[in-house]
Amino acid sequence: MSRARRPASPVLLADGHRLGGVMLRQLFLGQCLVLALHLAWVPGWLAAMAVAVAGYRYLQLRRDLPRASLVLRLAAVAGLVLALWVHYDGFGGMESLIGLLLGIYLLKLLETQNRRDARVVVMIGLVTVTVAFLHDQGMLMALAALVTVAWLLQSLVWLSGAQDARHAWRETVWLLGLSAPLMAVLFLVFPRMEPLWSMPQMGRASTGLSDQIAPGDIAELSRSDARAFRVAFEGPAPPPGERYWRVYTLSHFDGVRWSRATPSQLALTLGLPLSRFVREGRRTAWGAPGGEAPYTLELLLEPDSRPWRPSLGAPRSVDSPQRFLADGTLEGREPLRARSLLRLASSGAPPAYPDPAGAAWHTLLPAETNPRTRALAKRLWRESGADPERYLRAVLARFGEAPFRYTLSPPRLTGRDRVDDFLFATRAGYCSHYASATAVMARTVGIPARVVAGFQGGERHPDGHLTVREYDAHAWVEIWRDGAWRRLDPTAAIAPERIERGAGAVREGREAFLADAPFSPLRLREIGWANQLRLEWERLEYRWQRGVIGYHREARDRLLAGLLAALEAWLTALRALGAWTLVLGGALGLAGGLLATLGLRGLYRWATGRRGDAWRIQRLQAWLARRGRPALPGESPAAHLRRLAPEAGAAGPALLAAAEAFEPLVYAPLAASERRRLRRRLRRRLREVRRDLPRRPGSGAGAGATGPEVAS
């Protein structure tokens with residue numbers, strides 16, 4: 001026995017034109033879902049605005065107030081524009097424009113009165129869902145967007161005349177299922193025409209590094225767990241102590257800060273052609289032209305507002321044209337607007353060719369700066385007998401003595417002679433302190449030296465790929481010896497645990513590690529099961545980014561080539577079988593398809609037959625009740641249908657015939673053939689009732705629904 005359902009708020013009001021409470025609530029919940037996609041990147045007060053608009057519409061509906069006036073709507077839009085202008089300091093950025101679109105979408109509910117207005121709200125919502133991928137293209141965002149799109153489509157189906165929410169959801173699932181094959185085909189074979197297909201992301205510097213550093217700068221990056229890039233090796237990966245990822249080569253020192261000299265600056269300063277310092281292409285123009293690169297890898301790069309590309313040692317070749325600089329730096333032609341894949345072959349070692357800037361450029365120091373460091377360097381040089389190898393060992397040995405300390409929280413240096421302050425006062429520093437001091441001491445005695453800023457290490461995942469984060473940022477020194485640049489990392493001598501196990505292994509100043517990421521899952525690395533969950537999620541997310549977001553022309557071409565090769569092999573195998581075998585195989589295939597079709601049809605009939613004829617009549621009664629024609633208390637289903645027949649217009653004969661077919665099916669002992677005939681007749685008459693029954697004036701979906709509730 002079905003239970004009665006209490007009357008619900010109608011989708012349309014009694015005039016059959018204006019939206020009722022159910023539809024307004026549907027639209028508001030859709031707005032909440034859309035807003036949730038953006039909430040981490042837009043002002044939080046937009047959520048308060050959405051609640052205020054929904055509250056106003058609720059009071060308007062309950063008290064039958066007039067629609068929002070033009071003055072109120074214009075004032076709301078003006079307030080939104082002013083608030084966004086103040087928050088973003090203008091409308092010059094993508095974030096402010098997204099905030100404006102989202103705000104207009106939320107305010108649209110103020111003037112949403114009828115079906116047309118509601119459809120406009122839903123369509124704007126679909127556009128705003130797409131814009132959410134400007135923020136992030138991760139797997140969570142994709143799942144959340146799918147749920148939101150399903151809700152918005154369900155709202156459209158309901159607006160198009162669905163009987164109830166259950167029917168609307170059923171149609172929505174059906175529509176999504178029908179569109180899934182087309183979506184898959186477009187994804188697999190449609191060419192990526194940037195920027196129409198490739199979704200850009202907000203411009204930002206993902207590495208956190210700058211093209212100039214002073215002692216202490218890189219220490220700030222140990223506070224962040226932001227991801228810089230991910231990498232997968234084709235073949236064995238280097239051990240942790242050899243994972244030096246070059247990003248910037250810093251060769252200019254002003255006494256305080258090391259900075260990068262661009263190719264154009266070097267060409268202008270030294271009077272040399274620009275082609276001596278930079279070349280574009282897929283292979284480097286410097287170094288030995290032949291031979292295999294020791295490492296071949298695939299980088300999954302994060303969006304970055306600057307064009308730098310990390311390289312494991314000196315880059316040798318890439319899969320797309322890039323800019324190869326003579327100092328061993330790899331540049332892209334333009335900044336990355338979205339996550340991108342880059343295949344790279346590299347040496348894993350510093351460049352083994354001279355820098356066109358010359359040795360003199362790499363021994364320059366500003367006059368009258370850091371005098372105590374200069375004096376110390378000259379004394380150690382004399383004590384080492386002017387032997388560069390002995391001298392450099394003496395420098396590193398001095399750093400290894402007390403009271404020098406390697407710390408994640410170095411004292412702040414603000415003076416003019418910061419290298420002096422570090423070596424003779426604080427004696428506590430991070431990698432940039434020791435790298436800067438080492439390079440200055442090398443240049444003081446005429447040894448060409450430069451500072452390299454990049455990353456060192458990376459967390460290895462069970463599937464083999466590495467994740468390099470901001471706290472892996474590192475600085476080291478390259479010196480020119482015996483016809484090649486040689487890596488000299490004072491951190492490896494002072495704090496070898498930093499090189500082997502990362503910044504998290506440094507004990508001194510440990511409170512600074514991940515200080516800007518208090519809720520980072522990396523803090524749970526010591527808890528086995530939590531760390532395993534984190535690694536598993538990062539593995540799934542990496543595969544999503546690499547296989548879905550990173551699916552480009554090369555992957556499509558490989559897929560199509562594989563499919564064509566498989567088809568050709570299948571056709572070859574068929575031709576080898578002979579004509580009679582093909583005929584027999586085709587006949588068996590047709591027979592198997594026919595049997596499968598009959599089996600599915602029988603399964604469907606069995607499933608629908610189990611619900612019974614009473615279930616069909618109860619569904620019809622509930623449908624009639626929602627249209628203002630409920631059953632009376634104690635009235636039987638057949639009597640209900642006969643009572644409605646005289647006033648049902650064209651559907652009257654179908655109601656009478658349905659009642660006549662229903663009663664013997666429920667109460668009379670019938671032969672199987674007669675039962676099948678009456679059941680077919682009942683189904684046909686029920687379809688006619690739904691098709692021909694006129695809508696009673698003032699009866700919206702959900703209005704006066706006092707009939708039996710149907711459980712599907």
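The basis for the numbers below is simple: all heavy atoms, side chains too, and nothing from hydrogens, waters or symmetry mates.
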Say whether, by atom type as modelled, one donor and one acceptor occur between the side chain of R418 and the main chain of G415 under 3.5 angstrom.
yes
Side-chain heavy atoms of R309 within contact of F229, under 4.5 Å
no
Evaluate the criterion side chain to side chain donor-acceptor pair (under 3.5 Å) for residue pair D420 and T373; output intermediate values, then yes/no.
CA-CA 6 Å; D420 278 2; T373 301; 2.5 Å; yes
Test the R230-Y542 pair against the cation-pi criterion, namely NZ or CZ under 6.0 angstrom from the six-membered ring centroid and within 45° of the ring axis.
no
Determine the interplanar angle of the Y434 and F399 rings, folded into 0 to 90°, and report it as parallel if under 30°, tilted if 30 to 60°, perpendicular if over 60°.
perpendicular
Heavy-atom donor-acceptor pair, S384 side chain to W381 backbone, under 3.5 Å:
yes
Side-chain contact, heavy-atom cut-off 4.5 Å: D355 with R450?
yes
For W245 and G457, indicate whether the former's side chain and the latter's backbone hold a donor-acceptor pair under 3.5 Å.
yes
With distance as the sole test, does R279 use its side chain to make a donor-acceptor pair with the main-chain N or O of F277 at under 3.5 Å?
no
Under 3.5 Å, is there a donor-acceptor pair between the side chain of H38 and the main chain of T128?
yes
ring-ring contact (aromatic ring centres under 6.0 Å, His included) with H362: which of W480, F253, W258, W485?
W485
Treating R282 as the side-chain partner and D319 as the backbone partner, does any N or O pair qualify as donor plus acceptor under 3.5 Å?
yes
Looking at A449, is its backbone amide N or carbonyl O close enough to the side chain of R443 to form a donor-acceptor pair, meaning the two atoms are under 3.5 Å apart?
yes
A quick test of your reading: do over 12 heavy atoms of other residues, nucleotides or ligands sit less than 6.0 Å from CZ of R343?
no
Side-chain donor/acceptor of T249 to backbone N/O of T329, under 3.5 Å:
no
How about E389: does its CD atom have over 12 heavy atoms from other parts shown lying under 6.0 Å from it?
yes
Tell me the closest heavy-atom pair linking L396 and L488, and the distance in Å.
CD1-CD1, 3.7 Å
With sequence neighbours left out, the residues meeting salt bridge (Lys or Arg N to Asp or Glu O under 4.0 Å) with R390 are none
Candidates E242, R498, R243 - the one meeting side chain to side chain donor-acceptor pair (under 3.5 Å) with Q456
R498
Distance check, rounded to the nearest 0.5 Å: W41 atom CH2 versus L134 atom CG?
11.0 Å
For the residue pair H461 and D463, confirm or rule out a side-chain donor-acceptor distance under 3.5 Å.
no
